[in-house]
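Heads up, the thing below is written out as structure tokens.
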There are 2 protein chains.
Amino acid sequence: MEVDERSSGEHGASAGEEGDAGSGSLPRAELDLSQFLPYRLNRLADRISDELERMYAERYDINVAQWRVLAWLSHCDELTAKKICGYTNMDKARVSRAVQALEDRGLIHREPSVHDQRVHDLHLTPAGEELLASLVPDAQAWEAELVATLSVGEYRDLFNAMGKLERQLERIGRR
Amino acid sequence: MEVDERSSGEHGASAGEEGDAGSGSLPRAELDLSQFLPYRLNRLADRISDELERMYAERYDINVAQWRVLAWLSHCDELTAKKICGYTNMDKARVSRAVQALEDRGLIHREPSVHDQRVHDLHLTPAGEELLASLVPDAQAWEAELVATLSVGEYRDLFNAMGKLERQLERIGRR
DNA sequence: GCAATATAGTTTCTTGTGAAACCATTTGTC
DNA sequence: GACAAATGGTTTCACAAGAAACTATATTGC
């Protein structure tokens with residue numbers, strides 16, 4: 001591994017490398033946000049989300065929550081609100097509202113499960129499928145453009161790293 | 001619902017393919033969210049943000065916006081709200097509120113600039129410095145734990161990839 | 001069979017946020 | 001100098017989203 005002039009932290013997330021070494025004052029707690037992973041990741045995700053949301057809203061008049069529900073339905077066809085909560089990490093109230101909106105627009109169908117009346121089985125209506133048939137390629141094209149500057153290897157590594165972080169987050173979280 | 005079928009597409013974000021089966025059933029538009037970068041990135045960032053926010057709130061009673069202002073102040077010492085908007089990508093109203101809250105708590109000081117009465121120069125108070133001196137190490141320790149499973153190379157590559165995506169986003173955005 | 005408890009989903013309440021209106025000051029233009 | 005435009009920052013308004021209360025159904029223990 002390259003041993004370079006990486007600053008103190010194991011990975012280099014640290015601060016103050018501008019050489020204002022001994023100006024006489026106490027050691028300022030300093031944090032270089034541009035090297036702070038949570039900050040960078042969050043800002044990037046926010047920007048991406050903003051752009052995509054704008055596209056969804058303009059062209060299809062749906063918000064992110066609704067989009068996620070649709071996408072998962074395209075993937076699994078039969079789902080319940082509870083499951084969607086788990087997959088998407090969204091609050092159940094948020095899912096509930098998204099589902100309601102989609103049903104009102106006739107994009108999904110909802111009926112009480114035969115086995116458990118509390119549960120509602122969800123699936124796409126033909127109209128929903130149609131909308132997805134148009135939206136999905138748009139989303140993929142947009143993503144393709146976004147990652148156009150990454151090599152296939154970089155793209156794969158990125159997903160790998162995200163996977164590792166997610167698992168580590170799990171580990172940290174349960175404590 | 002393990003989704004491990006790596007599918008085609010330049011980078012792997014994939015979906016329903018051709019196979020246009022003539023009249024009748026249209027090819028299902030399908031999107032594997034777990035391989036869709038915006039979704040993955042957003043979910044990861046959200047989770048990280050949630051965890052960190054909880055820590056900030058519990059231990060220091062500050063929210064993310066306030067934290068960002070403090071961190072930038074630790075870095076630059078003299079700032080204006082406008083600049084913070086630029087650095088953090090936050091709305092100016094949001095910055096305004098964060099600044100106000102921090103001032104109310106005596107963590108930062110704010111005074112009209114000598115040269116331009118519209119502008120307010122911001123800097124940390126001793127109390128603010130003190131809080132940061134305690135908060136920053138916490139944040140860094142937390143980040144270190146988060147990235148503990150990444151090698152130095154993976155960590156560096158991750159930042160590289162994020163940088164590329166940000167720049168590409170810029171390019172896409174201005175259109 | 002019937003309380004007590006748990007679960008899926010909805011509704012209510014509160015809060016944080018972005019958009020737009022607004023205020024105060026500065027910078028131009030004549 | 002005076003009026004118009006621009007700029008930094010605050011406030012108002014509308015709304016999305018999380019927390020908690022609530023409803024309806026299921027499950028468990030007795």
When we call it a touch if two heavy atoms are under 4.0 Å apart, what does A/Ala93 touch: a base, just sugar-phosphate, or nothing? base
Euclidean distance, atom CZ of residue B/Arg118 to atom C1' of D/dA6 [Å, nearest integer]: 8 Å
Atom CG of A/Asp104 and atom C1' of C/dT10: how far apart are they, to the nearest Å? 14 Å
Using whole Å, what does the distance between atom P of nucleotide D/dT10 and atom CG of B/Asp91 come to? 12 Å
Once the angle between the rings of A/His75 and A/Trp72 is folded into 0 to 90°, is it parallel (under 30°), tilted (30 to 60°) or perpendicular (over 60°)? perpendicular
For atom NE2 of A/His115 and atom C1' of C/dT7, their distance in whole Å: 17 Å
Parallel, tilted or perpendicular: which describes the rings of A/Trp67 and B/Phe36, with under 30° parallel and over 60° perpendicular? perpendicular
Closest-nucleotide ordering on DNA chain C, the 5'-leading residue of A/Asp116 and B/Val64: A/Asp116
How close or far is atom P of D/dG9 from atom CD of B/Glu103, stated in whole angstroms? 13 Å
More than 12 heavy atoms of other residues, nucleotides or ligands under 6.0 Å from CD of B/Glu130: yes or no? no
Atom pair CZ/CD of A/Arg110 and A/Glu103 - distance to nearest 0.5 Å: 4.5 Å
Compare the minimum distances between each of D/dA26, C/dT25, D/dG9 and the side chain of B/Gln117, then state the nucleotide with the smallest one. C/dT25
In terms of the nearest nucleotide of DNA chain D, which residue is placed more toward the 5' end: A/Val114 or B/His120? B/His120
Can a side chain N or O of A/Gln100 be found less than 4.0 Å away from OP1 or OP2 on C/dT11? yes
Taking only N and O in the side chain of A/Ser96, is any of them less than 4.0 Å away from OP1 or OP2 of C/dG9? no
Do B/Arg94 and C/dT17 share a donor-acceptor pair, side chain to base, under 3.5 Å? no
First encountered from the 5' end of DNA chain C, between A/Lys83 and B/Lys92: A/Lys83
A/Lys82 atom NZ is separated from C/dT10 atom C1', nearest whole Å, by 15 Å
Is B/Val64 linked to B/Leu102 within one hydrophobic cluster, defined over Ile, Leu, Val, Met, Phe, Trp and Tyr using a side-chain heavy-atom separation of less than 4.5 Å? no
Between CZ of A/Arg54 and C1' of C/dG18 the distance, given in whole Å, is 15 Å
Looking only at C/dA8, D/dG9, C/dT10, the nucleotide nearest the A/Val119 side chain is C/dA8
Mark yes or no for a side-chain to base donor-acceptor pair under 3.5 Å between B/Arg97 and C/dG18, with no hydrogen or angle criteria applied. yes
Send over the distance from A/Leu122 CG to C/dG9 C1', rounded to a whole Å. 11 Å
